[in-house]
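Protein chains get the first letters and strands the later ones, always in sequence-line order, with residue 1 at the start of each.
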Amino acid sequence: MPDPASNPPSPATAKSMDEIMALCKRRGFVFQASEIYGGINGFWDYGPLGAQLKKNLRDAWWQDVVMNPCWGRTGPSGERVRTVPLDSTIIQHPRVWQASGHIAGFNDPMVDCRETKQRYRYDHVQVFTRQGTTSEAPMFAFVLGTETENRQRKKAEKKFDMKMEVVALSDIAPADWPKVLAPHAEAIGTLTEPKQFNLMFKTYVGATAGEDDVAYLRPETAQGIFVQFKNVVDTTRVKIPFGIAQTGKAFRNEVTPRNFTFRSREFEQMEVEFFCHESEALDWFSFWRKWRMEWWESIGLAGENLRLYDTPQKDLAHYAKAGSDVEYRFPFTAPGFGELEGIAYRGDFDLRQHAEHSGLKDNLKYFDMTRGEPLPNGQPKGEKYFPHVIEPSAGLDRGVLAILCEAYTKDASRPSPEIMRFHPRVAPIKAAVFPLVNKDGMPEVADRLHAELQGRFGRSGFIETDAKQSIGKRYARMDEAGCPYCFTVDGDTLTGQTVTVRDRDTGKQDRIALDKVGGFLAGKLGA
RNA sequence: GCGGGCGUAGCUCAGUGGUAGAGCGUCAGCCUUCCAAGCUGAACGUCGAGGGUUCGAAUCCCUUCGCCCGCUCCA
């Protein structure tokens with residue numbers, strides 16, 4: 001009888017991240033990047049099964065977002081969702097990142113306190129000093145708007161007899177830093193030099209490039225979409241509302257890469273920028289918010305470990321009007337959640353920024369012929385505007401990690417205690433075909449069935465076959481690799497033209513006709 | 001960037017100054033008519049890396065890299 005006062009562990013919290021990571025290594029899902037050289041902080045490679053799993057997830061997104069957008073649903077305006085794909089470059093013109101705000105916003109110098117181990121944003125720290133600072137007077141540093149302000153003010157008032165002023169830490173001469181009392185410190189002079197944090201990866205364009213040729217690896221794929229918005233509109237007959245979708249690598253020099261692949265410095269995004277008229281934007285935001293949640297559920301994350309979380313207004317970026325996150329309760333975040341995808345209503349911020357910085361100005365606006373006052377001939381006059389944007393931005397690697405965590409199951413009652421319960425759509429191995437024993441004509445039948453299934457389903461994932469060792473071992477291996485169905489050729493196959501199909505999740509077996517195997521698998525894989 | 005923990009075979013780990021080990025996995029052969037079964041055999045190690053102390057270092061010291069946890073950060 002469990003203690004009712006204690007919270008029962010959720011399935012995710014009960015899972016051990018160490019065990020999941022060990023399985024990922026052992027079965028070739030995830031390897032440390034450059035491992036034989038000692039690894040490199042914040043980078044991970046996908047092994048054979050992981051690479052296929054990741055591709056399956058990316059393909060599922062592409063199919064459901066680009067090729068059959070939102071499963072054919074109609075949006076708030078009553079017409080089917082339309083999106084078009086794009087593949088823009090990792091390296092863009094440096095001014096793209098000026099326009100987007102990343103060059104300004106991605107560089108926050110920090111100072112550390114040697115005594116208290118606290119870290120502060122350099123530009124947030126101010127100091128109380130005596131008016132007309134004398135060389136001996138101490139300085140009381142504080143962080144604006146925190147309790148340190150009052151505490152340090154009291155000290156300063158006592159010391160300076162009310163004759164004091166407030167100066168930014170950045171305006172204090174380096175020679176005076178030894179006199180600064182850090183916000184939480186007891187001793188003076190404990191603050192380190194400001195340290196620059198460059199969250200964008202810098203590179204140089206051109207074989208003989210110098211400092212004039214600095215460029216950046218994109219920290220998000222989104223800006224490539226905004227930059228090509230006009231070309232897409234001019235060349236593809238798209239009409240608002242519509243989306244532009246793109247998957248691709250992005251790079252961020254995270255301060256602290258942590259938690260397996262969750263916060264990596266090189267990662268892959270799956271993003272849509274959905275353009276619409278301001279009057280419909282909130283409806284589209286609701287539409288995407290709801291559908292993206294359903295999509296993650298559809299690929300195997302349904303359950304209490306997935307949630308849709310609305311960003312509080314105070315936490316939104318300055319340009320954002322609304323935001324929701326699809327979040328997963330990872331073993332390392334439990335009982336909290338970690339973000340898989342952010343759905344943001346960004347207003348018209350990005351297109352306006354690029355209109356301004358590129359000099360295109362109003363030429364970057366969209367001309368909507370369905371809006372505006374009716375003309376004498378009955379047609380609308382049209383309206384020129386910057387479309388508003390809904391941005392569902394998903395992390396592919398985080399999706400893979402969530403799927404790995406969700407799929408990992410430990411069942412001590414089974415001969416093979418570790419099972420990866422992948423949804424068949426994303427499972428890297430779709431099916432396996434075994435001869436029960438490696439003789440009596442069974443291998444030949446198994447080979448034929450394997451060839452048939454590979455020809456029909458090999459485009460969506462691996463179809464395995466294996467005749468070595470005991471059947472139990474082969475089933476166990478497939479459980480660890482997450483293969484949903486195993487077909488076994490046995491003595492009855494030779495006489496009755498049937499095989500057994502074993503279900504990974506239950507271990508149960510059914511007998512089906514040899515010539516129905518393809519149809520059975522097609523039904524299960526949704527192919 | 002700070003603090004703590006850890007790093008030995010593919011995985012899990014033992015080995016605290018004296019010949020690098022175990023279990024599992026992997027591979028080969030035999031056997032095998034449904035769940036990591038059995039028998040026989042085999043391969044696999046920069047003991048994370050570099051330096052130092054020592055007659056001798058996986059073991060002690062220094063430096064460094066990586067992973068995990070906590071702080072911090074996350075436009």
Side-chain angles (χ1 to χ4, degrees), chain A residues 16-19 21-28 31-44 47 97 100-121 184 190 192-200 219-220 222 252-263 265 315-320 331-332 338-339 342 344 413-419 434-442 467-480 486-495 499-504 506-509 511:
Chain A
S16 151
M17 205 58 213
D18 286 345
E19 287 176 349
M21 287 165 64
L23 186 141
C24 282
K25 170 79 185 289
R26 189 167 72 242
R27 298 309 310 234
F31 302 133
Q32 205 180 358
S34 307
E35 189 186 292
I36 65 169
Y37 288 97
I40 176 165
N41 195 352
F43 297 88
W44 299 89
W97 309 113
S100 69
H102 285 87
I103 285 180
F106 243 43
N107 289 314
D108 293 326
M110 312 287 292
V111 292
D112 293 323
C113 175
R114 292 189 199 90
E115 178 189 318
T116 64
K117 311 305 180 195
Q118 296 270 327
R119 167 172 288 174
Y120 310 98
R121 282 231 342 226
H184 296 90
T190 60
T192 62
E193 300 268 297
K195 188 176 283 286
Q196 193 75 22
F197 283 76
N198 296 305
L199 268 55
M200 277 201 294
E220 61 175 30
R252 296 181 193 181
N253 261 319
E254 297 289 354
V255 177
T256 313
R258 207 46 90 77
N259 291 326
F260 203 27
T261 62
F262 184 78
R263 179 164 292 141
R265 287 178 164 150
D315 293 339
L316 292 172
H318 65 91
Y319 49 78
F332 50 80
E339 181 184 345
S413 72
R414 287 182 42 164
S416 51
E418 290 182 299
I419 308 157
F434 301 140
L436 182 58
V437 290
N438 199 13
K439 60 178 188 180
D440 297 341
M442 294 178 206
K468 295 292 176 111
Q469 299 174 313
S470 73
I471 189 70
K473 238 174 217 198
R474 285 176 272 161
Y475 285 152
R477 272 198 284 256
M478 286 300 121
D479 284 346
E480 264 198 354
C486 295
F487 302 98
T488 300
V489 173
D490 58 16
D492 292 347
T493 309
L494 308 172
T495 54
V499 297
T500 60
V501 51
R502 172 186 179 274
D503 183 276
R504 174 196 64 204
T506 63
K508 291 214 174 74
Q509 293 183 60
R511 187 160 282 282

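Across all strands shown, B/A42 pairs with B/U26; the Watson-Crick or G-U wobble distances both stay below 3.5 Å. The partner of B/G70, taking Watson-Crick or G-U wobble pairs whose two distances both stay under 3.5 Å, is B/C2. Taking a pair to require two hydrogen-bonding distances under 3.5 Å in either a Watson-Crick or a G-U wobble arrangement, B/C60 pairs with B/G52. Within the shown strands, nothing qualifies as a pairing partner of B/C47 under the Watson-Crick or G-U definition with both distances less than 3.5 Å.
Between A/Asn41 and B/C65, a side-chain N or O to OP1/OP2 separation shorter than 4.0 Å is absent. Contact check, A/Asn259 against B/C69: a side-chain N or O comes under 4.0 Å of OP1 or OP2. Contact annotation: A/Lys473 side-chain N/O to B/C35 OP1/OP2 distance is not under 4.0 Å. The side chain of A/Lys439 contributes an N or O atom lying less than 4.0 Å from OP1 or OP2 of B/U32.
Note: A/Thr488 OG1 to A/Arg474 CZ = 7.5 Å, rounded to the nearest 0.5 Å.
Taking every heavy atom of both residues into account, A/Gly491 and A/Met442 meet most closely at N-CE, 3.6 Å. The nearest pair of heavy atoms linking A/Ser416 to A/Asp479 is OG-OD2, 2.9 Å.
Computed from coordinates, the A/Glu19 CD to B/C68 P distance equals 16 Å when rounded to whole Å. When the C1' atom of B/G10 is taken as reference, atom NZ of A/Lys25 falls 7 Å away, rounded to whole Å.
At a threshold of 4.0 angstrom between heavy atoms, the contacts of A/Gln509 include nucleobase atoms, whether or not backbone atoms are also involved. Heavy atoms of A/Ser100 sit nowhere under 4.0 angstrom from any nucleic acid atom.
Spacing between B/A9 and B/G45 at atom C1', rounded to whole Å, works out to 6 Å. For the P atoms, the distance linking B/C65 with B/G50 amounts to 15 Å, nearest Å.
Closest to the side chain of A/Met442, out of B/G1, B/C67, B/U33, is B/U33. Side-chain proximity of A/Arg511 to the nucleotides B/U26, B/C34, B/U72 is greatest for B/C34. Nearest nucleotide to the side chain of A/Gln32, out of B/C67, B/C11, B/G1: B/C67. Distance from the side chain of A/Gln469 is smallest to B/U26 among B/U26, B/C68, B/A28.
Ring orientation note: the planes of A/Phe434 and A/Tyr475 are tilted relative to one another, at an angle of 30° to 60°.
One cannot find a donor-acceptor pair under 3.5 Å joining the base of B/C35 and the side-chain atoms of A/Arg414.
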Given A/Lys25 and A/Glu35, is the salt bridge (Lys or Arg N to Asp or Glu O under 4.0 Å) satisfied, shown in steps?
CA-CA 11 Å; A/Lys25 170 79 185 289; A/Glu35 189 186 292; 3.6 Å; yes
